Amino acid sequence: MSILPDLKNIKVEIQKIENRLIIENNISLSILRLDKIFPGISGNKFFKLYYFLKEAIAKQKKIITFGGAYSNHLAAAAVACKIYNINCIGIVRGEKPKNLSHTLSFCKGQGMELKFISRKNYKEQTEKDFKIELTDKFGNHVFIPEGGYSKIGVAGAELLSDVYPNKDFTHICCPVGTTTTLAGLINSCSPQQKIVGFSAIKNFSDFETRIKFLIDNPLRVKFFLCNDYHFGGYAKSTNELFFFMNKFYEEFSISTDFVYTGKMMFGVIDLIKNKYFPQGSKIICIHTGGLQGNLSLPSDSLKF
Ligand SMILES: *Cc1c(COP(=O)(O)O)cnc(C)c1O
């Protein structure tokens with residue numbers, strides 16, 4: 001296969017969830033089940049990759065991208081490149097380990113070529129120098145920054161509003177890593193809608209800088225980054241979080257991941273408890289997928 005699907009033709013399930021708390025607060029709460037689309041490229045990643053894939057296919061270039069040992073982005077890029085017959089190189093932060101993480105073995109299994117670079121080099125390289133070095137080494141390629149963090153990634157994330165009746169909602173909630181998905185939502189929602197991002201990172205000190213880098217007109221809509229539900233920081237977890245995720249699964253049969261969507265749903269329910277959302281709000285939470293990340297947990301942490 002070498003033609004990207006027209007995302008307008010893809011319809012994503014919207015699951016309405018209800019319990020006493022939600023009903024008592026006169027809230028309508030729905031989950032956009034992006035975790036169910038494109039097996040293997042679940043969630044927001046396919047959207048962020050969309051225009052990069054398009055270029056790689058049109059110009060028959062390889063893709064080079066970046067990530068850590070548990071990166072959902074690398075996993076998604078590996079699957080997408082396999083589907084669309086694109087050669088791809090994944091540059092992984094850290095020295096090559098004796099045993100590859102399940103994510104990296106998965107990427108390799110999909111045909112992604114893995115290269116390891118030290119954390120220090122990873123950090124210190126400016127994008128420009130890196131690009132020159134990579135072109136010298138690997139030839140012409142499509143460069144995808146880690147997590148798709150770029151205006152091209154944002155343009156892809158904007159396509160999210162094509163796959164569900166976005167205008168029906170007063171609040172749109174999503175987890176935040178690189179900010180790219182949030183930026184796409186900000187660019188594509190209507191001015192009266194509110195976007196609430198749930199940070200997966202502890203000290204999001206460069207959030208404003210990121211928004212400015214990604215978006216031309218951030219004042220178009222109201223958005224808010226909620227920083228209260230990171231549970232200790234990126235990819236950190238607590239028993240309280242696991243307890244919540246298990247309960248959420250028992251109540252609604254929805255699996256969440258412990259890095260992003262579990263924390264977002266904890267936050268949304270907690271904000272409903274704290275009357276953050278006005279009565280009558282119609283909330284949609286974007287389930288951005290990422291379930292492969294749960295494989296790195298001890299097997300008794302989650303019941304699903
Ligand atoms: C990558 C990822 C995010 C973060 O998206 P950004 O666009 O980087 O902010 C959120 N949820 C899941 C499940 C992810 O894998």
Side-chain angles (χ1 to χ4, degrees), residues 12 31-52 65-80 90 93 103 106-107 144-161 172-188 195-202 204 206-211 213-215 223-227 229-231 233-235 237 241 245 254-268 284-297:
V12 183
I31 315 285
L32 185 70
R33 298 295 306 270
L34 287 188
D35 57 312
K36 288 190 165 183
I37 56 165
F38 315 117
I41 336 179
S42 75
N44 56 346
K45 298 295 186 274
F46 186 67
F47 292 85
K48 295 198 286 179
L49 290 169
Y50 193 80
Y51 289 110
F52 293 108
T65 192
F66 305 83
Y70 303 98
S71 165
N72 292 333
H73 166 75
L74 280 186
V79 175
R93 194 182 331 128
T103 305
F106 174 80
C107 289
I144 312 183
E146 185 169 5
Y149 174 67
S150 59
K151 287 201 170 166
I152 299 174
V154 174
E158 285 172 29
L159 299 171
L160 266 170
S161 58
I172 305 171
C173 299
C174 78
V176 179
T178 64
T179 325
T180 311
T181 305
L182 181 81
L185 294 173
I186 293 171
N187 277 350
S188 59
I195 322 270
V196 186
F198 290 84
S199 174
I201 293 161
K202 192 172 179 177
F204 220 131
D206 63 346
F207 177 69
E208 301 286 327
T209 319
R210 283 174 172 262
I211 288 288
F213 171 73
L214 293 173
I215 300 186
F223 62 92
F224 164 63
L225 181 76
C226 180
N227 226 326
Y229 305 101
H230 55 68
F231 290 85
Y234 186 70
S237 53
L241 177 65
M245 288 166 65
I254 300 176
S255 304
T256 50
D257 80 295
F258 79 103
V259 182
Y260 295 105
T261 54
K263 293 177 182 181
M264 164 179 72
M265 286 321 307
F266 188 106
V268 170
I284 188 151
C285 301
I286 312 234
H287 192 319
T288 43
L291 298 169
Q292 69 97 24
N294 289 346
L295 294 171
S296 68
L297 295 171

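Source: prediction; values computed, not measured. Both counts, for ligands and for their atoms, begin at 1 and track the order of listing.
Considering backbone and side-chain atoms together, V176 places no N or O closer than 3.5 Å to any N or O of ligand 1. Considering backbone and side-chain atoms together, Y260 places no N or O closer than 3.5 Å to any N or O of ligand 1. At a 3.5 angstrom cut-off on N or O pairs, T261 does not count as close to ligand 1.
For atom 5 (O) of ligand 1, the closest heavy atom belonging to the protein is N44 ND2, 3.1 Å. Atom 14 (C) of ligand 1 has K45 NZ, 2.8 Å as its closest protein atom, hydrogens excluded (heavy atom only). The protein non-hydrogen atom at the shortest distance from atom 9 (O) of ligand 1 is G177 N, 2.7 Å. In this structure, the protein non-hydrogen atom closest to atom 8 (O) of ligand 1 is T178 OG1, 2.6 Å. At the top of the distance list for atom 7 (O) of ligand 1, counting protein heavy atoms only, stands T181 OG1, 2.6 Å. Among protein heavy atoms, atom 11 (N) of ligand 1 sits closest to T288 OG1, 2.6 Å.
Under a 4.0 angstrom heavy-atom cut-off, L182 registers as lying outside contact with ligand 1.
In T180, the parts holding a heavy atom less than 4.0 Å from any atom of ligand 1 are both the side chain and the backbone. When non-hydrogen atoms are compared, ligand 1 lies under 4.0 Å from neither the backbone nor the side chain of H73.
Counting heavy-atom neighbours within 6.0 Å of Y70 OH, excluding the residue itself, gives a total of 12 or less.
Side chains of T178 and E146: no donor on one and acceptor on the other come within 3.5 Å.
Of the possible donor and acceptor atoms, one in the side chain of H287 sits under 3.5 Å from a partner among the backbone N and O of S255. The backbone N or O of L291 lies less than 3.5 Å from no partner atom in the side chain of N72, so there is not a single donor-acceptor pair. In this structure, the side chain of K45 does not engage the main chain of H73 through any donor-acceptor pair within 3.5 Å.
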**Message:** Between I37 and F47, is the side chain to side chain contact (heavy atoms under 4.5 Å, CB included) condition met? List the steps.
**Reply:** CA-CA 11 Å; I37 56 165; F47 292 85; 3.6 Å; yes
**Item:** Worked verdict on L159 versus Y51 for side chain to side chain contact (heavy atoms under 4.5 Å, CB included)
**Value:** CA-CA 10 Å; L159 299 171; Y51 289 110; 3.6 Å; yes
**Full working for side chain to side chain contact (heavy atoms under 4.5 Å, CB included) between N44 and I286** = CA-CA 9 Å; N44 56 346; I286 312 234; 5.9 Å; no
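The closest heavy-atom contact to atom 13 (C) of ligand 1, among the options G289, G293, S199, comes from G289.
Between F198 and F266, the distance separating the two ring centers is not shorter than 6.0 angstrom.
Remark: ligand 1 atoms within the under-4.0 Å shell around heavy atoms of G290 are 13 (C). Near K48, with a cut-off below 4.0 Å to any heavy atom, the atoms of ligand 1 are 5 (O), 6 (P), 7 (O), 8 (O).
Sequence neighbours left out, not one pair with a member in residues 66-78 passes salt bridge (Lys or Arg N to Asp or Glu O under 4.0 Å).
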